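One structure is given here, and the rest of the page talks about it.
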Amino acid sequence: MSIALSEQEIIRRESLQQLRALGIDPYPAEEFKVTAQAQDITDNFEAHPDTYKSVTIAGRIMNRRIMGSASFAELQDSTGRIQIYLKRDDICPDEDKTLYNTVFKKLLDIGDYVGVKGYVFLTQTGEISVHVQELTILAKSLKPLPVVKRDEEGNIHDGFTDPESRYRQRYVDLTVNPEFKQIFIKRSKVISAMRNYFNKQGWMEVETPILQPVHGGAAARPFATHHNTLDMPLFLRIANELYLKRLIVAGFDGVYEFGKMFRNEGMDRTHNPEFTAMEIYVAYKDYIWMMEMVENCLEEVTRAVHGIAAVQVGPNEINFAGPYTRLSMYDSILKYTGIDVSAMDEAGLRSTCADLKIEVDASMGKGKLIDEIFSAKVEANLIQPTYITDYPIEMTPLAKKHRTKDGLVERFELFVNGKEIANAYSELNDPIDQRERLEEQLILAGRGDDEAMAMDDDFLRALEYGMPPTSGLGIGIDRLVMLLTNQSTIQEVLFFPQMRPEKKVKVATADDFINIGVPAEWVQVLNKMGFNTVEELKAANPNKVFNDLGGMRKKLKLEITMPVKEVVMGWFE
RNA sequence: GACUUGGUAGCUCAGCCGGUAGAGCAACUGACUCUUAAUCAGUGGGUCGAGGGUUCGAUCCCCUCCCAGGUCACCA
């Protein structure tokens, strides 16, 4: 990233000055009243041509085909692209043809925002187009957009495809690859459909702290920060579960929150340091009830996004209409490995892992070992929505003990396309049991499990006042959106995925050059000549610099005053 | 964190055995009043990711580093 401008950027800045010289404000302040949009026109013009005898549209120029005194251009607004047709003598009815010959043909560029008033018509080749009668510049673009070409078959020719550039400059990505906007539109629909579903049931959306003194509710490494006034450490939440349960204690029957969670762990195509989770808690329910709720909710969400309950994900068509298959964790391992682990002790599980060539380490307890077997042998097989139920107690410190099965808890996870999408419990509301379970986590932490859950005394105090039987659910929204939009990386469903900072080339500020006597308008020229710092400039031959400045001035057709030689020599003192 | 692939013009990419770079699009100049990957003629545009090393000479070979992608590990 150099501060020196490219040839095309310099030319666009000159066009900007020329527009101003012509009395045209390249960034006008006043409202521009739009009366139509591209998609509306292309969808409805042929059925209702009379409605489009006068339209005003606005957007970016994305393509121009100039043929002397007539031109076609493509205007892109938030809904799509439409072709516009400009005739010199229509937009310049008087003698003065400046608006067409100079402004449109010379001073406008791909990427500029313009507003256009005219009438919709059909070209000889049958394309719905707007015949322009008035042209207004709304915003000049100073950086050239990548030009993505599409042919008649829809093949993309010079795609803007580099993932690094696409994620760092999402604004460019979505401008030149507008099809990716659909992912984010669907993401928005997923969240609003889910919110609508919950609201219809009478449950309440709430907000709980993101800055937490204790990072509870999940097992993960947190981001740590510090509050200056209170002079205390704080953590960005890794979960909001314990706060939502406090609200159930407080007497709300159903509370839910869509919120960002933060986990200070690895990044890959399914993990971003901050991600969106939805958690909901409903009083007087259990995890059996929750399974049915999730089936209804996800079916409704899928229909809201796709119109039907099924979605194509890679080679699989996934059907979100319930009921979903229910399989206990032990039965799922039995089904896919033929091994019954239900009665095994820790030693037995270790030797089973060894038989299955699953790597384990000494810090792993019984629950973790079973989870390892499950992850390695079962998960990938669960393509259609499947509930895995009844987890070992050791891996689930916040869930209620199973009503009939010793050593298990009332928990399910929903797996779709081989990935975990949701996690739910009959919530543990026995405060004494809860304290013991968290103490066991402390022991695991002592064994070296740095993800074991922390003790939260205030949460336990809340439980001691009494929490009604409650079922809780968490859904990873990013992963659900990945599924429903058929994307294989989380970056594609996040507007701004986390990236390392861009490297900055060491560049002096304009003021540094001005301070040694360089006129402001010449600083860019020096940058262009490769002098990014004052030191680099001073190391050069003064006479050569003076000559080269003249050369650059001529080459770039700069209409700025050449500094006299004595001034240039002064830079080197 | 490990392995691996890549980083060359505004964008997408070539670049042979080491001799300081090419194409298409975009840009610029000109022609053109129904084009649509517009066309035609011409012209410019590069710190070859950064820094070292080897060499008479490095985009190319070697080393270190930076950034990104992929795979794996980690991530109840």
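A, B, ... follow the sequence lines: proteins, then strands. Residue 1 opens every chain. Keep in mind the model is a prediction, meaning the values are calculated, not measured. The figures here come from the full heavy-atom set of this structure, side chains too, leaving out hydrogens, waters and symmetry mates.
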Any ion pair linking [Y] and [X] (charged N to carboxylate O, less than 4.0 Å)?
| X | Y | value |
| --- | --- | --- |
| A:R166 | A:E492 | yes |
| A:R81 | A:E74 | yes |
| A:D173 | A:R170 | yes |
| A:K400 | A:D433 | no |

Any donor-acceptor pair under 3.5 Å between the side chain of [X] and the base of [N]?
| X | N | value |
| --- | --- | --- |
| A:T161 | B:U12 | no |
| A:Q83 | B:U35 | yes |
| A:Y425 | B:A76 | yes |
| A:D268 | B:C74 | yes |
| A:Q8 | B:A26 | yes |

Give one of base, sugar-phosphate or nothing for [X], where a contact means two heavy atoms less than 4.0 Å apart.
| X | value |
| --- | --- |
| A:I66 | base |
| A:N155 | nothing |
| A:Y391 | nothing |
| A:T396 | nothing |
| A:R65 | base |
| A:R269 | sugar-phosphate |
| A:T489 | sugar-phosphate |
| A:R12 | nothing |
| A:F374 | nothing |
| A:N423 | base |
| A:K105 | nothing |

Give a yes/no answer on whether the side chain of [X] brings an N or O atom under 4.0 Å of OP1 or OP2 in [N].
| X | N | result |
| --- | --- | --- |
| A:Q491 | B:G69 | yes |
| A:N63 | B:A38 | yes |
| A:K149 | B:A38 | yes |

If we take the [atom1] atom in both [N] and [M], what is their distance in whole Å?
| N | M | atom1 | result |
| --- | --- | --- | --- |
| B:U5 | B:U64 | P | 15 Å |
| B:C25 | B:G69 | P | 31 Å |
| B:C16 | B:U12 | C1' | 22 Å |
| B:C61 | B:G1 | C1' | 29 Å |

Base orientation of B:C17, syn vs anti, 90° cut from 0: syn
Identified pairing partner of B:A2, criterion: Watson-Crick or G-U wobble below 3.5 Å: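 Looking at the geometry, B:A2 pairs with B:U71.
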For B:U55, the Watson-Crick or wobble partner whose two distances fall under 3.5 Å: none
Centroid-centroid under 6.0 Å between A:F374 and A:F415 rings: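 Yes; A:F415 has its ring centre under 6.0 Å from that of A:F374.
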Any donor-acceptor N or O pair under 3.5 Å, side chains A:Y281, A:E279: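 Yes, side-chain donor-acceptor contact under 3.5 Å.
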A:I110 CD1 - B:C11 P separation (whole Å):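 Computing the A:I110:CD1 to B:C11:P distance gives 14 Å.
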A:R64 charged N/C atom sitting above A:F104 aromatic ring, 6.0 Å / 45°: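 The answer is yes; both the distance and angle limits are met.
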